[in-house]
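Right, one structure below, let's go through it.
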Amino acid sequence: MQRYLLHFMQNPLSSYFDYRRTAYTEFPVNPNTTLNENNKEGIPMRWLYPENEATTNRSNLETALDRQYDEYDEINKLMWI
């Protein structure tokens, strides 16, 4: 908790990656108001690939999606890190 509070509002990416790595601090998620359509009870675990990857680097993007995410770019799948 102290690490989360240390990074809160100072380094939000670090707080997010700590949450992804440890699943701590528990955040209440209201399924009625969440924008996470595929997992109403969860917090997204990754960002989607940018749209320009699909237009400028499609073959490598498809290869990466095949290897990591079963051919589907989805925010609830875990990254390799």
Side-chain angles (χ1 to χ4, degrees):
M1 176 61 84
Q2 289 179 356
R3 183 178 174 106
Y4 176 78
L5 293 174
L6 171 71
H7 290 294
F8 183 75
M9 298 295 285
Q10 301 297 321
N11 190 352
L13 286 177
S14 182
S15 292
Y16 176 71
F17 283 114
D18 282 342
Y19 170 77
R20 276 187 8 92
R21 185 173 54 82
T22 63
Y24 188 80
T25 299
E26 291 187 31
F27 296 103
V29 177
N30 184 343
N32 297 320
T33 59
T34 185
L35 298 176
N36 189 350
E37 295 175 4
N38 296 330
N39 183 2
K40 295 286 187 183
E41 301 290 329
I43 294 175
M45 290 290 134
R46 60 178 286 270
W47 288 278
L48 299 177
Y49 282 100
E51 192 66 35
N52 69 340
E53 286 296 317
T55 57
T56 61
N57 195 14
R58 184 168 246 358
S59 63
N60 288 329
L61 173 62
E62 289 174 355
T63 302
L65 290 174
D66 289 345
R67 285 187 194 162
Q68 299 176 61
Y69 305 116
D70 301 323
E71 301 178 13
Y72 184 64
D73 197 15
E74 211 271 319
I75 61 173
N76 295 301
K77 299 208 177 196
L78 291 177
M79 296 182 354
W80 57 272
I81 58 174

* Polar contact flag, side-chain donor to acceptor under 3.5 angstrom, Asn57-Asn60 -> yes

* Asked: What orientation do Trp47 and Tyr16 show, parallel under 30°, tilted 30 to 60°, or perpendicular over 60°?
  -> tilted

* **Asn52: side-chain contact (heavy atoms from CB on, under 4.5 Å) partners, not counting sequence neighbours** => Pro50, Thr55

* Asked: Taking the side chain as C-beta and beyond, is there a heavy-atom pair between Tyr19 and Glu26 under 4.5 Å?
  -> no

* To the nearest 0.5 angstrom, please state how far the CD1 atom of Ile75 sits from the CG atom of Leu48. => 6.5 Å

* Supply the atom-to-atom distance Leu6 CG to Ser14 OG, rounded to the nearest 0.5 angstrom. => 8.0 Å

* Asked: Taking the side chain as C-beta and beyond, is there a heavy-atom pair between Val29 and Ile43 under 4.5 Å?
  -> yes

* Side-chain heavy-atom pair Met79, Phe17 within 4.5 angstrom cut-off -> yes

* Structure fact -> In terms of heavy-atom contacts, Lys77 and Met45 come closest through O-CB, 3.8 Å

* Rounded to the nearest 0.5 Å, what's the gap from OH on Tyr69 to CG on Leu78? Could you check? => 8.5 Å

* Is Leu13 atom CG crowded by more than 12 heavy atoms from other residues, nucleotides or ligands, each under 6.0 Å away? -> yes

* Would a hydrophobic clustering, with Ile, Leu, Val, Met, Phe, Trp and Tyr connected at side-chain separations under 4.5 Å, put Leu5 with Met9? -> yes

* Asked: Do Glu74 and Asn38 have side chains that get closer than 4.5 Å, going by heavy atoms?
  -> yes

* Mind jotting down which residue pairs meet the salt bridge (charged side-chain N to carboxylate O under 4.0 Å, His left out) criterion with at least one end in residues 40-60? Sequence neighbours excluded, please. => Arg46-Asp73, Arg58-Glu62

* **salt bridge (Lys or Arg N to Asp or Glu O under 4.0 Å) partners of Asp18, counting only residues at least two apart** => Arg3, Arg21

